[in-house]
Each structure stands twice: as structure tokens, then as C-alpha cells.
Amino acid sequence: MIRIEPRETTSRLWNIGVPILSAVIALGFAAIPLALAGANIAEAYYQMGRGVFGSVFAFTEMLTRATPLIFTGLAATLAFRAKLWNIGAEGQLYLGAMAAVVVGTGAIDAPAIVLVPIVLLAGAAAGAAGMAGPAYLKNRFGADEVVTTLLLNFVILIFLQMMLEGPLKDPMSLGWPQSEPIVDNAALPRLLDRMRIHAGLILALVVAVISHIMLSKSVWGFKLRAVGENAAAALHAGIGVKRSLMGAAIVSGAVAGLAGVSEVAGLKGYLTADLSPGFGFTGIVVAMLAGLSPIGVVISAVFIASVFVGADSMSRAMGVSSFLADLVVSLSLICVLIGGFVSNYRFVRTAKRAA
Amino acid sequence: MKKDLVLSLNKLSKRFGKVIANDAVSIELHRGEVLALLGENGAGKTTLMNMLFGHYLPDSGSVEVADSSGNMHPLPLGNPQAALAAGIGMVHQHFALAENLTALDNILLGSEKLFSLGRNTSAARAKINGIMERTGLTAPLDELVGRLSVGERQRVELLKALYRDARILVLDEPTAVLTPQEADALFKNIGAMTKEGLSVIFISHKLREVLAFSHRIAVLRHGKKVGEMETAKADQRSIARMMVGEDSPVTKREKLDPGKPVLHLNAVRVTGKSARNSLHGVDLTVNAHEIVGIAGVSGNGQNALAMLVSGLVSPDEGELSVEDNIITRFNPAAFIKAGIGRIPEDRHHHGVVGAMSVAENLVIERLDDTEVQNRGFLRSGAIGAIAEKLSKNYDVRGPGAEAPARLLSGGNIQKLILARVFECAPKLILANQPTRGLDLGAANEVSRRLLEARGRGAGVLLISEDLDEILALSDRVMVIHDGRINAANTTDRQAIGMMMAGEAA
């Protein structure tokens, strides 16, 4: 008989192994609907792998897709570590994108070395402002940030549509609700010729490393973690809990805003209301899959981007629905949550009755 | 009193990571016997009982239990169902009852068939009534458990075990939550049960009740059984020595002249959400070299006083001054800076961040200190060194400075807090229920440190519901009642008791 008992400590190997194993199991489970759809499973997975690793182009496409997920995953991680439930990264992403468009479509004439940082700062500031509001309401009135941030997503999206029909609308767009294009000096540089991969990826990696250092090595991160783990004890120990929450909110919002800047100024070049296919929400999955570790976020963003990009190419080659990608991502998250349980408990074989 | 053996634990060992919780512990229990299992917090008592009951699987060792005809059989380990079937019942310190079900439903829970359409409880009711008559354990069977008093809930737990035909009963600190009267009643019931042939193991810290009600005593220390004796041959002193490994130092308070005031409350009024969180016009002075004890029945404003002196609430009226400075900023950080060390009442929830390491918890109150940080970044080497030094000086035992604080036992968490507070050489120490729930060794350590701080020149504001502790440590005793604090001007227990009840002394 097998019994479950709590584990006092979890080993490092488990912490790394469980997410990886979960991903593998999730891919295994996804074979069931694939088989039901009549596809050859081996061939399907081969096509999926080829779609990600088959060529330099495929690989860079995957990294391009991972870039906004790293940003939004970090945004979720930074807030969640303080137990500040920022569900509004999607809205903050659009705020960042709008700010990038406002300053980056010709309003300021400056060389790239000046203009790119301005665009980045503007986007980060807009995202930060988008999260500072809910954090203020939480600190001042105890308003539940899950509700405020979630609903603000829709407010911001509708505001964006209004702006794209009004002040931000490109007069040359033949009536389409889209912004003027980002000027060349404001655009993030491409990393490779004839590829879409752009400097946003480098920025995302830098932000990940900085987040890791700030969380684990700085006094700011110490306070943020203490507030997240036990706010009452943190308050008692003299930590400004509200201040820490506001700090986490501003940084989280700013990083989400950078996701929007990166997409607009690095990839698309102009802003539309369908800039993000839910990157803000997928970022939450990325963060949970990574166990709220900033470095883990990079890995899990790459994994999820691989699944999406791979499934796209598989569906083209095999004629099965690309919704399989969503399925694999969801299954992975479930597996990781179960895996988290497994790594906190252990299974014990009960001794047989000695005769 | 050699009687039939009913239970024998043979060399049970269990380790959690690096911590050896039990090291080859053997214990025997006879029919109709009450065995007291004693030991400090973290000595391994609860682990041992959890292995017996199948919650933990021992690393080595075996358990044998007698069946109803007295023949010993090995018990399959790590299997609570087997333990239940063998007639072992356990009543935990924290009850496992469903509050929204009646007492009867709780007793039957788990022993009824899962799939049956009707439900006939009359046979069960008759059986329980029989048990109640024989043992004197009474509980209102049709009342919701949520409406029962703590003592009644405990009796429901006991009835539940007896209903399942337990012949061996394990009670984990059964009197920790009871009033003295309820505790006496419980032991009377236990006496009646043992006459019926039931055997009882009870875990306790309280030497008085162990001496009064047990037949035999086994003492655990650091996971090993260090002694076993007939209760008739034991006395408080010899047991205490076995538990802590040495003669527990008697708290000696040398005479000291009070110095200048370190804390002064002048007509302070705090309006809380309820009476228990309010203070009405409190005047109070704590001088250097002085311990001021605040005696009182729980819920008379101690909480408001502690929050105020911790900097968690600000007064609506009146002034609070530390040394000669009137405090205007009421937040914990300012209070720590002003030299006030705080030992919180709820050490698990307010004292430590359980998920963070012992080292991090040791420095959490001094993050601005350049010894701990450099330009906003933690000096991990220095923090490690501080943690190592403090853990050693204050005898914080556990799986190490990098382990999460929640893995420490209650006594060691309190030592961690002591280390954090006393290392900053505070001018004033607020000690709120500093020894509640601690074993003898840790409690003595707290008292010793408080007296040491007093000797150094600190003032101590000691809030406690334990009058013995107040009388043993305090230079002056004040009584808090209904948000008002008055000087006792006496050390007479009766007089103070009258004041605590709100009668003029």
C-alpha cells in the first residue's frame, strides 16, 4: 500500500525536475486528442519539434513569441511574490504600448540612442501607473486587487479602441483602427537579418536577471518577500507593508508595460487592438509554471512559446487544430500544480505486516 | 503494579532530514495504567505518538499491541486504520471535529457504512450512553459541536475514541486548553476509564498534573528516553531535572534601584473595535532596571497596550514618551529605532516569517543596519555570520540557519525572537505572554534573559496572564481591567485576583 506524508524539505533536484517532468507528461497526455483527431502521433510531434528547432527561422520565431511572455511572466512573478495578485498585466501591456506610440511615432525627433530609452521609459511608466492605481486602492481602502486589476483590463482595452478610432488613429490607414507607425529611431533593433527577432528579447533577459538579483539579494526584495510570506510579521518587524506592496505594484506594472513596448516597437511597428493574444494572462501561467522564480520564467516562457509555435506548424503540416497548443499549456500547468503537491509530499510504501 | 502488557514500542527511531526526532525509544504500557509522557518542546513526544498512531512511518523499530484476549501482535506501521482496528485511539491537542455536525454525528463519523440508505442511530446512541454512564464523560449528543465549550468538545473526542472500542488512549496535551476545573474533571473521568481496563498515555508539560494523576512517568529529551519511574517515587524537582538535563535555575531577582523612566504613558486613550482593544486614560511608567508586570484576565486591553507599545496603533489622546522624547510617529520601524524591543504574543504569526530562513528572520528588524546591508543589497556573508553567532549564543536549535523558520519548534522560535530583540540592546522590552506554551527550559531562558536585560539597565513591560510569572519577575505589579491600569501595591495573590476581576482592592 502507498501512503502520502508531508515532506519537511524539498530537494533542489525535485524543484527543477518536477516542472520538466510535468511538461513531458502534459505532452504525453496531448497525444490522446491528437490520436482521436486521426493524426500519426510520432509524425505530429516530429512536426511540432521541427516547427521550433527545424530551422534558424523557426527557432527565432519561437524566441520572438517568448519575448512578451518573459515580460508578462516577470510582471506576474514580481507581484505574486508579494502576494499582490496582479491579474491586469494585459491592460498594463496595452498602456505601455500606447505610451510607446504616443512618444514614438514622430512626436519627438531624436537619434535612436535617445529615443529608444525614452520610448521604453514611457511604456514602463504607463504600465506602472496602471498597476499603481489598484495598489493605492488596496492600501487605502482594502479594495481587492484581483477584482480591480482584472476589470481594468477591459476598461483599458475599450479606452485603447477609442484612442485608435480617435487621437491615435493613423490617417493613412484607410480607415483601419490602427496607430501611426513607430519611427525608425524609436524602433528596437532587429537581432538578425531577415528575421523578426528583436532587441526586446535581450531586454527581457536583462530584466529577468535584474529581477532575480533584486528579489534575492536586495533589501527591497527581502521586504517584498517578507510581506508576501507573512504581512503581519513583516509589519511587526517594522517593514512598511503598504510601501512594499506599492513598490511591487509599480515594478510589476512597469515590466508589463515593457511587454507592450517590445511588441509595438520591436515586432509590429504599429499598435492595433489585437496586439496581444492574451500575453498578460499567459504570463500568469508562465510565472506559476516557473514557481515564481525570475530565471525559471525565462525557461517556462520558452517552453510555452515552443508549444504555441510548434503546434502552429504542426497544425499546418498535419491539418489538426492548433488549439492543441492551448491544451498542452493548460495540461502542463495542471501537471505542475500536481507536481508541486508531489514535491511537498512524499509517497511512502507501508511496511507489510511482519508475519 | 505489574499488570498485563498491552502495548510495547520497541526501539522506534525517526529522523526528519538532519534532525533526529526519536532515537530508539522503547516504551511499555500495561492494562489500566496511566503513563505520562514528559519532555520539552521538540523532545519528540508528539512524533513518537504519531508513529504509534500510524501518521508517521518509523525509520526503524516495531510496535506490538495486545488483542482483546491479551496476546501481543505486531502492529503494521504507518497505517492509522490498523492502529484504530487494534484499539488505539488518539485525541489531538487541536480537536478534529466538524463544527457544523452534532456531537453524535461527530462520534459516528467514519464508523458508519458509506453506502446505506437509512440511518439508525439508536444502537449507537445506546452504546454511547453506556460509555457515558460508566466513565462519567457527558456531552450533549444532539447539540452542534460548534456550540459546545472546549471541555465538552474534548469529551466528544474521548467518546469518539471509546465508541470505536479503544483500549489504549493517547492524549496530546489534553489540559492545555482547559480551565483548572475542567482539567480536574477530565482526570476524574480518566480514572474511571482505567478502572474499566483502559490504558492511557498522556503528553503534558504540567508537572503538577503529571504527579497527581499518572501511575508512571517516561521522560524524553532530544529524542531519547532519558528516564522512567513510578510516579509515587517522583517529585517535581527530579522530573524537571530529567527533562532539561540539569537543575533548572531558580529565577533570582536581585534588588536594583529603578533608574530614569524609559517609557511613560500619560493619559493615553486608544479606541479599538471592541472593548478588548481599547485603553481608557492609562498612566504608566517603566523605569530603567525595572520589570513592570501587567496582570489581568485575557481580553481586558492587553492587546491594545501591546499594539500601542509596538507602534502598531496610535493613541487617540494622551502621550507616549520614550526616555525624554515624546513619540509622534507610531509605526513599528520608528519604535525599533527608538530602542523598543518587542516579544509578540503570537510568535508564529507576528514573530517570524515562517517561509523565510532563520538567518533572515534574525536580521529582519535591522535591515537599515550597514552591518546587514550595503547600498540596498544584503551582505549575505555578514548575515550568515550573525545568524551563526546568535544561534549559538541563544541556543536556537533546528535544521540550520538557512532552513525556513517554520521548521523550528515553538521554544526555538521564541529563542530566535529573543536573540533578535536582545542583540539590539533595547532600552525597553515589551514582553507579551513571553513564556506561554513554552516548556520549562525555554521558559526559564526567557525569564533569565529578561532579568539580564533589567540588570543591564533596560526597562521591561511584562504582560502575562500567568500570575506566578508576574509575581516571580516583576518589581512592580499593575493590574489591567477593562482598559484601565492600576497599581497593585501588593504582592498578595488574593488582592490582585480581586483587582483582576474588577473589584476594588
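None of these values were measured; they are calculated from a predicted model. Here is how names work: the chains are called A, B, and so on, in the same order as the sequence lines, proteins then strands, and each is numbered from 1.
For A:K83, the NZ atom counts as densely surrounded, since its 6.0 Å shell holds more than 12 non-hydrogen atoms of other residues, nucleotides or ligands. Other residues, nucleotides and ligands contribute only 12 or fewer heavy atoms inside 6.0 Å of the CE atom of A:M288.
For chain A, the nearby parts of B:I364 are the backbone and the side chain; heavy atoms of each come within less than 4.5 Å.
One N or O on the side chain of A:N230 and one on the backbone of B:H349 form a donor-acceptor pair closer than 3.5 Å.
Here A:L235 contributes atom CG and B:N331 contributes atom CG; the two are 9.0 Å apart, rounded to the nearest 0.5 Å. Atom CD of B:E365 is separated from atom NE2 of A:H236 by 7.5 Å, given to the nearest 0.5 angstrom.
For residues 373-380 of chain B, heavy-atom neighbours of chain A at less than 4.5 Å comprise B:Q373, B:G376, B:F377, B:L378, sorted by residue number. Within residues 334-346 of chain B, the residues having any heavy atom closer than 4.5 Å to a heavy atom of chain A are B:I336, B:R342, B:P344, listed by residue number.
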